[in-house]
Amino acid sequence: MINNFTKSNELRKKASRLIPGGAHTYSKGDDQFPQLSPHSIVRGKGARIWDVDGNEFIDWGMGLTSVLLGHAYEPITNVIKKELDNGVNFIRPSFIEAEFAEQIIEQIPSAQMVKFSKNGSNATTSAVKLARAYTGKEIILRCFDQPFFSIDDWFIGDTDISSGVTRDTKSKTKHFKYNDIENLKETIAKYKEDGIACIIMEPASTEEPKEGYLQIVRDICTKESIILIFDEVVSGFRFHPKGAQFLYGVTPDLSTFGKTMANGYSISALVGKREIMELGGLEHKKERVFLLSTTYGGETHHLRAGQKTLEILNHNDYEVTKYVWSIGKKIKDSYNEIVRSLGLVGYTSMEGIDCRPYFFFKDNYIRTLFAQEMIKHGVLIQGIVPSFSHKDSEISQTIEAFEKSLKVLSYAIESKKVHELLIGEPIKPVFRKYN
Ligand SMILES: Cc1ncc(COP(=O)(O)O)c(C=O)c1O
């Protein structure tokens with residue numbers, strides 16, 4: 001039973017004094033975890049991590065979904081170590097930039113040109129900028145049911161935490177519901193006169209697209225001269241190494257990748273139609289678009305990590321992808337079976353797509369009590385992010401922890417003791433106006 005967080009608690013105080021939010025990513029913040037939890041991690045290997053108090057956990061977050069193969073996965077760390085000896089950033093591009101670009105173009109159905117960067121937000125923000133420049137229109141339609149597209153104002157201004165974003169920027173982003181063609185058509189009709197530059201959406205996030213849905217979105221975009229952007233920062237490489245666009249057979253105009261591209265190392269990509277992408281280039285006579293230019297965009301060791309990740313994902317008939325989908329399903333089925341057997345249906349369930357399931361909880365007190373109990377049994381969990389390193393021992397330990405934690409939940413709900421058994425505050429939504 002894990003219950004010693006002495007050093008973590010010291011570091012928790014220090015971090016919140018020094019860093020707004022106590023972490024450099026909101027979803028790693030204290031308000032996203034129970035009080036009885038590790039604050040600071042020292043190292044990870046495979047699907048396990050160790051905190052500053054020496055506690056060992058199974059990690060079901062995997063670097064906010066970015067680590068698909070496993071922490072410190074040797075084939076990746078080896079190519080990085082090797083590349084470090086060659087230096088990582090020069091006065092002109094490394095030859096690896098074009099080499100990897102060519103591989104991405106072969107890999108992703110919609111990719112005719114590629115621009116690399118370091119994070120997903122840069123890629124999605126440059127996609128909407130490019131769409132505006134290409135169409136000469138300004139309105140962005142973003143999918144409302146999907147949680148996150150960018151740290152930049154065009155998206156954050158359309159959330160509950162929009163402080164600091166100008167009214168003008170807020171007024172340019174509108175939203176529509178996923179899997180609801182009528183809603184999309186109504187939204188387009190409403191804003192058409194203002195000039196819609198693009199639709200940005202994940203091809204799939206928490207639910208599968210309905211039969212034909214994505215194709216109809218594609219057709220509407222073509223008919224209305226709206227640029228279709230697929231944000232594949234999470235789905236790309238996880239749903240399928242050729243992207244969810246390949247899996248669902250629909251080709252966007254632009255798409256963005258990040259997260260799993262290099263097994264947690266910092267690289268992202270904007271890809272798309274040549275005719276649109278080349279506006280960011282040097283070989284046209286139109287007005288120039290300042291498209292993704294960062295000091296670190298072509299860092300060689302991260303490009304090498306991307307190449308190696310891609311090689312592994314393409315290997316052995318997509319063994320990694322198949323594995324990740326299968327264990328996600330196993331975990332989901334096991335959880336829901338235990339929930340049924342304990343009479344907890346309606347209080348909790350595991351939902352979503354097998355390669356990326358998520359938890360439903362009736363409220364955040366129940367959610368937090370569950371997370372608190374899982375931590376006691378050595379499992380650190382927000383959703384389920386399956387990786388190639390979650391093997392039988394991690395899966396069986398997790399299912400055992402489900403059984404024990406859900407029994408506590410069942411007792412707490414039956415005896416109306418959820419608030420009493422939860423130590424500290426419940427987890428809060430990231431997108432809220434006030435603390
Ligand atoms: C779908 C999606 N798009 C874009 C981003 C932004 O990526 P990054 O955090 O690398 O900027 C995220 C991050 O969580 C995401 O989930």
Side-chain angles (χ1 to χ4, degrees), residues 21 23-29 32 60-68 108 110 115-131 140-159 161 173 175-176 178-179 198-209 214 228-240 243-245 247-248 252 254-272 292-294 296-297 299 302-303 305-306 309 352-353 355-358 382-387 429-431:
H24 293 286
T25 319
Y26 278 114
S27 36
K28 294 185 184 181
Q32 300 307 302
W60 282 105
M62 303 306 284
L64 309 170
T65 77
S66 66
V67 181
L68 184 57
I108 306 294
S110 66
K115 194 118 197 207
F116 294 124
S117 191
K118 298 309 274 186
N119 61 54
S121 294
N122 280 355
T124 51
T125 295
S126 59
V128 301
K129 181 181 179 181
L130 199 49
I140 297 164
L141 298 188
R142 68 108 173 166
C143 188
F144 190 61
D145 322 66
Q146 298 174 338
F148 196 75
F149 291 102
S150 175
I151 62 163
D152 293 310
D153 288 357
W154 66 267
F155 170 69
I156 297 298
D158 191 40
T159 69
I161 184 168
T173 300
H175 45 252
F176 62 95
Y178 187 70
N179 258 345
C198 61
I199 283 177
I200 181 162
M201 63 190 299
E202 295 183 80
S205 153
T206 52
E207 57 181 296
E208 295 270 8
L214 292 174
L228 178 60
I229 303 168
F230 277 174
D231 177 348
E232 292 232 42
V233 167
V234 172
S235 63
F237 303 97
R238 173 171 294 280
F239 280 51
H240 192 281
Q245 55 193 266
L247 192 65
Y248 300 123
L254 298 173
S255 42
T256 59
F257 295 82
K259 303 271 191 186
T260 47
M261 253 185 107
N263 197 43
Y265 291 96
S266 174
I267 181 166
S268 64
L270 166 67
V271 314
L292 280 178
S293 175
T294 81
Y296 306 106
E299 272 185 324
H302 290 169
L303 295 174
T309 303
I353 300 173
C355 66
R356 178 72 184 93
Y358 68 93
Q382 284 177 315
I384 290 289
V385 181
S387 82
V430 168
F431 289 104

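Given the structure is predicted, the values throughout are model-derived calculations rather than measurements. Numbering of ligands and ligand atoms starts at 1, following listing order.
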Please determine whether any non-hydrogen atom of Lys259 lies less than 4.0 Å from an atom of ligand 1. yes

Give a yes/no on ligand 1: does Val234 have at least one heavy atom closer than 4.0 angstrom to it?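 It does; at least one heavy atom falls under 4.0 Å.
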
Result of checking Leu270, Thr125, Ile267, Thr294 against Ser117 for side-chain contact (heavy atoms from CB on, under 4.5 Å): Thr294

One thing to verify: whether Lys118 and Glu299 come together as a salt bridge, which I'm taking to mean a side-chain N less than 4.0 angstrom from a carboxylate O. yes

What protein heavy atom sits nearest [atom], and how far away is it?
| atom | answer |
| --- | --- |
| atom 10 (O) of ligand 1 | Gly120 N, 2.8 Å |
| atom 4 (C) of ligand 1 | Phe149 O, 3.2 Å |
| atom 15 (C) of ligand 1 | Phe148 O, 3.7 Å |

Taking the ring centre of each residue, are Phe144 and Phe176 less than 6.0 Å apart?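 No - the distance between ring centres of Phe144 and Phe176 does not fall below the 6.0 Å cut-off.
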
List every atom of ligand 1 that sits less than 4.0 Å from any heavy atom of Ser121, numbering the atoms from 1 in the order shown and giving each element. 6 (C), 7 (O), 8 (P), 11 (O)

Applying side-chain hydrogen bond (donor to acceptor under 3.5 Å, both in side chains), name anything that partners Thr173, two or more places apart in sequence or on another chain.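 Once residues adjacent in sequence are excluded, Thr173 has no partner under the side-chain hydrogen bond (donor to acceptor under 3.5 Å, both in side chains) criterion.
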
Flag, side chain of Thr25 to backbone of Ser27, donor-acceptor distance under 3.5 Å: no

Which bit of Asp231 gets closer than 4.0 Å to ligand 1, counting heavy atoms only: side chain, backbone, both or neither?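 Near ligand 1, Asp231 shows its side chain, while the N, CA, C and O stay back.
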
At a non-hydrogen distance cut-off of under 4.0 Å, which region of Gln146 contacts ligand 1 (side chain, backbone, both, or neither)?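 It is neither part, as no heavy atom is under 4.0 Å.
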
Looking at Tyr26, I'd like to know if its OH atom is crowded, meaning that more than 12 non-hydrogen atoms belonging to other residues, nucleotides or ligands lie closer than 6.0 Å.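 Count not over threshold, so no.
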
